[in-house]
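Right, one structure below, let's go through it.
Residue numbers start at 1 and run along the sequence shown.
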Amino acid sequence: MGSNADILSENDVNYLRQAIEVSGEARKHGQHPFGCVIVDEHDRVVAIAENRVPSEDVTQHAELRAVSTITRSRGAESLLNCTLYSSTEPCAMCSGAIFWSGIGRIVFGLSNASLIKMAHSNPKNAYLKISNKEIAKTASRPIEVLGPFLEDEAAIPHHHFWD
């Protein structure tokens, strides 16, 4: 699990690390270890969210919560220049929400394939074998998807979580 972080800016790396830190906080709070940070075109953090699953509402993924927060205050056109940083590659549900929100760029840490390798040993863990990049390719507008990056760091909150 390497890192191609040299193609990211220093700010990209810092925001991705912040999302990874949020994922660790989610785990400390008894939630699944996922975190998300959204940054606008002026390099300001406009939303931060940790996962709230398990809960009665299984849609409370970090990315979906952050997208919900930001779309209440900004329109899709202004979100086109925003970047969503996710500790782990967004799932199909979150990828759809990101697309519909208008966000134009995604940077993620741990890949879905790496997460599945960590989670597959327990048959109670459910997952979809489709990547965010595959979903973005089907979109009617361009979405830049960059990742995985800092996978070793992004994997830490997941160690022994899915056993």
Result of checking His29, Gln31, Lys28, Gln60 against Glu50 for side chain to side chain donor-acceptor pair (under 3.5 Å) |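 With Glu50 as partner, side chain to side chain donor-acceptor pair (under 3.5 Å) holds for just one option, His29.
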Could you please spell out the steps behind the salt bridge (charged side-chain N to carboxylate O under 4.0 Å, His left out) verdict for Glu151 and Lys117?
-> CA-CA 13 Å; Glu151 278 204 284; Lys117 286 178 187 172; over 6 Å; no
Which heavy atom of [X] sits nearest a heavy atom of [Y], and at what distance?
X	Y	value
His61	Asn51	CA-OD1, 3.0 Å
Ser23	Ser87	CB-OG, 3.5 Å
Pro148	Gly109	CB-O, 2.9 Å
Ser101	Thr71	CB-CG2, 3.6 Å
Ile156	Arg27	O-NH1, 4.3 Å
Ala49	Ala66	CB-N, 3.7 Å

Looking just at side-chain N and O atoms, do [X] and [Y] make a donor-acceptor pair shorter than 3.5 Å?
X	Y	value
His158	Ser114	no
Asp12	Tyr85	yes
Ser131	Asn112	no
Arg65	Thr69	no
Asp57	Ser55	no
Ser111	Glu89	no
Asn81	Asp40	no

Test item: [X] and [Y] side chains (from C-beta on) under 4.5 Å apart, heavy atoms:
X	Y	result
Ile103	Ile143	no
Arg44	Val39	no
Tyr127	Cys91	no
Gln18	Ile48	yes
Tyr15	Val107	no
Arg105	Val145	no

Separation between [atom1] of [X] and [atom2] of [Y], rounded to the nearest 0.5 Å:
X	Y	atom1	atom2	answer
Glu134	Lys129	CD	NZ	12.0 Å
Glu41	Leu79	CD	CG	8.5 Å
Asp43	Asn14	CG	CG	9.5 Å

Group every Ile, Leu, Val, Met, Phe, Trp and Tyr by side-chain heavy-atom contacts under 4.5 Å, then state whether [X] and [Y] land in the same group.
X	Y	answer
Ile98	Phe108	yes
Leu150	Leu8	yes
Ile38	Ile20	no
Leu128	Ile135	yes
Phe161	Val58	no

Hey, mind stepping through Phe99 and Thr138 against side-chain contact (heavy atoms from CB on, under 4.5 Å) and telling me if it holds?
-> CA-CA 10 Å; Phe99 168 76; Thr138 70; over 6 Å; no
Which of Cys82, Pro90, Cys36 passes side chain to side chain contact (heavy atoms under 4.5 Å, CB included) with Ile106? It is Pro90
For residues His120 and Trp162, establish whether the separation of their ring centroids is below 6.0 Å.
-> no
